[in-house]
Protein chains: 2
Amino acid sequence: MPHLLLKDLPRYECLLEAAKQFPNLDPSACEVFLNLLRTGDEAFRVTDEHFQHNGLSQGRFTVLMLLFDKACGQSHSCTPAALAERSGVTRATMTGLIDTLERDAMVVRKPDPADRRMLSVELTPRALTFLASILPEHFRRINDLMSPLSETERRTLVRLLGKIAVRASEAFPATNTLVHA
Amino acid sequence: MPHLLLKDLPRYECLLEAAKQFPNLDPSACEVFLNLLRTGDEAFRVTDEHFQHNGLSQGRFTVLMLLFDKACGQSHSCTPAALAERSGVTRATMTGLIDTLERDAMVVRKPDPADRRMLSVELTPRALTFLASILPEHFRRINDLMSPLSETERRTLVRLLGKIAVRASEAFPATNTLVHA
DNA sequence: GTGAAGTGATTAGGGTGCTAATTATCAGCC
DNA sequence: GGCTGATAATTAGCACCCTAATCACTTCAC
C-alpha cells in the first residue's frame with residue numbers, strides 16, 4: 001500500500017518549464033522531494049511485498065517488533081496505548097491491529113490485575129516462531145537494497161536525510177502528537 | 001496517512017545489539033533503510049497536511065496534476081485506465097478517486113464517441129482555479145523543507161536515492177505492472 | 001462516600017488502497 | 001450473422017488509517 005505517486009517522475013526540463021508558470025517552484029527542491037517520496041515508496045514496497053506474502057502488513061509488523069523488543073528486554077507488559085504511542089498511530093487504529101493479530105493467534109490480550117481499564121498485550125509462542133522465520137529474509141532484502149551504496153555513501157545519505165527530517169519537525173511539527181497535560 | 005513506522009528510530013547501538021541475534025542484519029543498511037522510510041514519511045506529511053486542509057489527498061492531488069498537465073499540453077483526453085497506469089494505482093482505485101472528485105465538481109466524465117466502453121476525464125474550471133490557489137503554498141512547503149540543503153547536497157542526495165531506486169526496480173521489480181501482451 | 005474529571009479501550013463512520021468478480025462493449029473468425 | 005476472447009469501467013468485499021463519540025474504570029475533591 002504505497003503512497004500514490006507518479007510512476008514516472010517528470011524530467012528536470014519539465015520542472016524548469018513548470019517553473020516559468022509558478023514562480024514559487026524551485027526545480028532542484030522539487031526534484032529532491034519527488035525522488036525522496038519515490039525512493040521511500042520503493043523501499044517500502046520491497047519489504048512490504050515480503051510481508052504480504054506472509055500475511056503481514058507494515059502496521060502488523062511494527063506492532064510485532066515492538067512486542068518482540070519487549071519480550072527480549074526486561075519489561076513484559078505493553079498496553080495498547082503504549083504501542084500506539086510508539087508506532088505513531090491512534091489508539092483506535094491500534095485496537096483494530098490488535099484485533100486482527102489476536103484473531104490470527106499472534107498476540108493475546110490480558111487484563112491488568114491492578115487497573116481494570118488497562119490491558120497487557122503479549123506475543124504468543126506462535127508469533128515468536130513466525131518472526132524468526134521471516135526476519136532473515138527481511139534483513140536480506142534491506143541489505144540487497146542498500147548494496148549499491150558504500151559505507152561512506154550510507155553515512156552521507158543518513159546525514160542528508162537527517163537534515164530534511166529535522167527541518168520537517170521544526171518547520172512543520174506533527175499535529176497528531178497527543179498532549180499529556 | 002503515513003506508513004506506520006516507529007516514531008523514534010532505534011539507536012545505532014541497538015542495531016548493533018540486534019545484529020548479534022540476527023547474523024543477516026547489517027546495521028548500516030538498516031540505518032539507511034529506517035531513515036529513508038522515516039524521512040520519506042515526514043516529507044509526505046508536510047505536503048499532505050496542506051492537502052488535507054484543502055480537502056485533498058495525495059491521490060486526488062496526483063490525479064488533478066496529471067489532468068492539469070494534459071490540459072496545459074496538447075492532448076485533452078485522459079481515460080481512467082491511463083490515469084491509473086500513470087499514477088500507479090489500480091483501475092478500481094481510480095474509479096473511486098474519480099467518483100469523489102466528480103462529486104466535488106473537480107472533474108467530469110465524458111463518454112467517448114468512438115468507443116462506448118471508454119470515458120474521458122476532464123478538469124472543471126473550478127479545479128483550475130482551485131489548483132492555482134493551492135500550488136504556491138505547496139511549492140513553498142517543498143522549498144522550505146529542502147532549504148537546509150545546498151545545491152551540491154541536493155545533487156548528491158538525488159544521486160544516492162537514485163542508486164537505491166534503481167536497485168529496487170532491478171532486484172525487486174514491481175509486480176502490479178499490468179502486462180500488455 | 002459521592003460526584004466530577006480524567007484516562008484506557010472500544011465502537012461508529014468515513015476515506016483510500018487492494019483483489020476478484022461483473023457488466024458492457026469491441027474485434028476477429030467461422 | 002453469431003460465437004469467442006479481449007478490454008474498459010465498475011462493483012463487492014476486505015484491510016488499515018483517521019476523527020469523534022462512547023463505555024468502563026480510576027482518582028481526586030468535597
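Small disclaimer: the values here were computed from a predicted structure and weren't measured. A, B, ... follow the sequence lines: proteins, then strands. Residue 1 opens every chain.
With sequence neighbours excluded, the residues satisfying salt bridge (Lys or Arg N to Asp or Glu O under 4.0 Å) with E151(A) are R154(A). For F130(A), there are no ring pair (Phe, Tyr, Trp, His ring centres under 6.0 Å) partners, not counting sequence neighbours. Under the rule for a side-chain contact (heavy atoms from CB on, under 4.5 Å), the partners of P136(A) that lie at least two apart in sequence or sit in another chain are N24(B).
Between S57(B) and the phosphate of dT16(C), there is a side-chain N or O to OP1/OP2 separation shorter than 4.0 Å. Contact annotation: T93(B) reaches the phosphate of dC18(C) (side-chain N/O to OP1 or OP2, under 4.0 Å).
Atom pair I98(B):CD1 and dT11(D):C1' shows a separation of 15 Å (rounding to whole Å applied). The CZ-C1' distance, from R60(B) to dG17(C), rounds to 15 Å in whole Å. Rounded to a whole Å, the CG atom of D48(B) is 15 Å from the C1' atom of dT19(D). H53(A) has its NE2 atom 13 Å from the C1' atom of dT19(C), to the nearest Å. One can place CD of E85(A) at 15 Å from C1' of dT7(C), the figure rounded to the nearest angstrom. Regarding R45(A), its CZ atom lies at a distance of 17 Å from the P atom of dG17(C), rounded to whole Å. Between the P atom of dC16(D) and the CD atom of Q58(B) lies a distance of 22 Å, rounded to the nearest Å.
With dA9(D), dT10(D), dT11(C) as the choices, the nucleotide that has an atom nearest any side-chain atom of A92(A) turns out to be dT11(C). Closest to the T95(B) side chain, of the nucleotides dT10(D), dT10(C), dG8(C), is dT10(D). Distances were taken from every side-chain heavy atom of M118(B) (C-beta onward) to each of dC17(D), dA9(C), dA9(D); the shortest belongs to dA9(D).
The backbone N or O of V63(A) lies less than 3.5 Å from no partner atom in the side chain of S87(A), so there is not a single donor-acceptor pair.
Using a 4.0 Å heavy-atom criterion, one finds that T90(A) contacts the bases of the nucleic acid, with or without backbone contacts as well.
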Please write out each protein N/O paired with an N/O of nucleotides 23-26 of chain D under 3.5 Å, distance rounded to 0.1 Å.
from    : atom 1 : to      : atom 2 : distance (Å)
dT26(D) : OP1    : R116(A) : N      : 3.3

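In summary, the side chains of Q52(A) and D48(A) do present a donor paired with an acceptor at a separation below 3.5 Å, with no hydrogens or angles considered.
Residues from residues 99-110 of chain B lying near DNA chain C, meaning a heavy-atom separation below 4.0 Å, are T100(B), R103(B) in numerical order.
Between F51(A) and H138(A), the two ring planes are parallel [angle under 30°; tilted spans 30° to 60°].
Remark on DNA chain D: of its neighbouring residues G96(B) and L56(A), the 5'-side contact belongs to G96(B), judged by nearest-heavy-atom nucleotide.
In summary, E42(B) and R38(B) do not engage in a salt bridge, as defined by a charged side-chain N under 4.0 Å from a carboxylate O.
Contacts classified as salt bridge (charged side-chain N to carboxylate O under 4.0 Å, His left out) and involving residues 126-138 of chain A (residues at least two apart or in different chains) are given here: E137(A)-R140(A), E137(A)-R141(A).
Residue L67(A) forms a side chain to side chain contact (heavy atoms under 4.5 Å, CB included) with just one option from L128(A), L83(A), T62(A), and that option is L83(A).
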